[in-house]
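Given the structure is predicted, the values throughout are model-derived calculations rather than measurements. Chain identifiers are assigned alphabetically (A, B, ...) following the order of the sequence lines, protein sequences preceding nucleic acid strands; residue numbering begins at 1 within each chain.
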2 protein chains.
Amino acid sequence: MAYNVFARNCPSRTTLEHVTGRWGALTLSALHHSSFRFNELRRRVDGVSEKMLSQTLHALERDGLVHRDAQPTNPPRVDYRLTPLGQEVAERLLSLIRFVEGHQDDVAASQQRYDSLGGR
Amino acid sequence: MAYNVFARNCPSRTTLEHVTGRWGALTLSALHHSSFRFNELRRRVDGVSEKMLSQTLHALERDGLVHRDAQPTNPPRVDYRLTPLGQEVAERLLSLIRFVEGHQDDVAASQQRYDSLGGR
DNA sequence: CGGCATCCTATCGGATACTG
DNA sequence: CAGTATCCGATAGGATGCCG
């Protein structure tokens, strides 16, 4: 009933926030196409720091959207890929992202109009 | 090419962040069904503060996703509703939200598994 | 009613250094 | 390679007070 899908009074963020957050969204987008190793992902997810990628992957893994496949070799090799649930989430997420990206010119036009009319 | 749809090195957040952010998502969801006045929205978007709702509405209005209809009456009456572009965004957003909400039990199960295995 | 301005804290998130 | 730990500045976001 309430539109608040997020849990307030809850210190740890929710799944939807993991998904829609800046790094969560980019990580899921990157993993939609293929699995990647940690540093491959770092290069794909442009601008992410080691710390945030690690944190993001842990959250998504805990939520069951990403699977972590660690081989105990030396040097270590760890692959990350989407779970079936993660795939479905990523598809819906990408639908949204692509739509917004695709209408970025409309948005930019609107912003210019808004700003030129002295909207703050 | 890069998966970063967001502009880094950009102080002001991007449209996608306005949309997927906590309050942006909730606000668009609320407005998907009908137009609302400011304080109606505040009650619908559970947990939002006056400040954040105001901020969120400005950003969405500037992006051309929300239309602000202010009647210069006394007391003032201001209605907010989605633009056609905003409607399309809201639909894609709701598809994602509903999916994640609908699989919250799967997520919770995964989290319990993860935590019981000493994850972290 | 529909806001804006201010203050203050919690969290986000980058830089750097270190480990197996 | 695949991370963890720490420090620290930037931002999010709540509380409060005020106004047309």
**Item:** Under-4.0 Å side-chain N/O to phosphate OP1/OP2 contact, A:S54 with D:dG3
**Value:** no

**Asked** To the nearest angstrom, how far is A:D46 atom CG from C:dG14 atom C1'?
**Response** 15 Å

**Message:** Rounded to whole Å, please give me the gap between CD in A:E40 and C1' in D:dG3.
**Reply:** 15 Å

**Request:** Grab the CG-C1' distance between B:L41 and C:dG2 for me, whole Å please.
**Result:** 12 Å

**Asked** Any sub-3.5 Å donor-acceptor pair from A:H32's side-chain atoms to A:L28's backbone N or O?
**Response** no

**Message:** Looking at A:G64, is its backbone amide N or carbonyl O close enough to the side chain of A:T83 to form a donor-acceptor pair, meaning the two atoms are under 3.5 Å apart?
**Reply:** yes

**Request:** Answer yes or no: is there a side-chain heavy-atom contact under 4.5 Å between A:R37 and A:E40?
**Result:** yes

**salt bridge (charged side-chain N to carboxylate O under 4.0 Å, His left out) involving B:R68 - partner list, sequence neighbours excluded** = none

**Item:** Nearest-angstrom distance from the residue atom CZ of A:F36 to C1' of D:dA2
**Value:** 17 Å

**Prompt:** Reading nucleotides 12-20 of chain D from the 5' end, what letters show protein touch, with B for base, S for backbone sugar-phosphate only, - for no heavy atom under 4.0 Å?
**Reply:** SBBB-B--B

**Asked** How close or far is atom P of C:dG2 from atom OH of B:Y80, stated in whole angstroms?
**Response** 8 Å

**Fill in**
Rounded to whole Å, CG of B:L57 lies from P of C:dG3 at a distance of 8 Å

**Asked** Nearest-Å distance, CG (B:D69) to P (C:dG3)?
**Response** 11 Å

**Check: B:S95 side chain, A:R92 main-chain N or O, donor-acceptor pair, under 3.5 Å** = no

**Message:** Counting the atoms with a prime plus P, OP1 and OP2 as sugar-phosphate, which does A:R68 contact under 4.0 Å by heavy atoms, base, sugar-phosphate, or nothing?
**Reply:** sugar-phosphate

**Prompt:** Are the side chain of A:T20 and the backbone N or O of A:L16 linked by a donor-acceptor pair below 3.5 Å?
**Reply:** yes

**Distance, nearest 0.5 Å, that separates OG1 of B:T56 from NE2 of B:H18** = 9.0 Å

**Item:** Charged N-O contact under 4.0 Å between B:D69 and B:R77
**Value:** no

**Message:** OP1 or OP2 of D:dT4 versus the side-chain N and O atoms of A:H58: is any pair under 4.0 Å?
**Reply:** yes

**Message:** At less than 4.0 Å, is any side-chain N or O atom of B:R37 found next to OP1 or OP2 of C:dC1? Yes or no.
**Reply:** no

**Request:** State whether the number of non-hydrogen atoms from other residues, nucleotides or ligands found under 6.0 Å of A:Q112 atom CD is greater than 12.
**Result:** no

**Request:** Let me know the distance between CG of B:D79 and C1' of C:dG3, rounded to the nearest Å.
**Result:** 15 Å

**Item:** Net bend of the helix from C:dC1-D:dG20 to C:dG20-D:dC1, end axes of five pairs each, nearest 10 degrees
**Value:** 50°

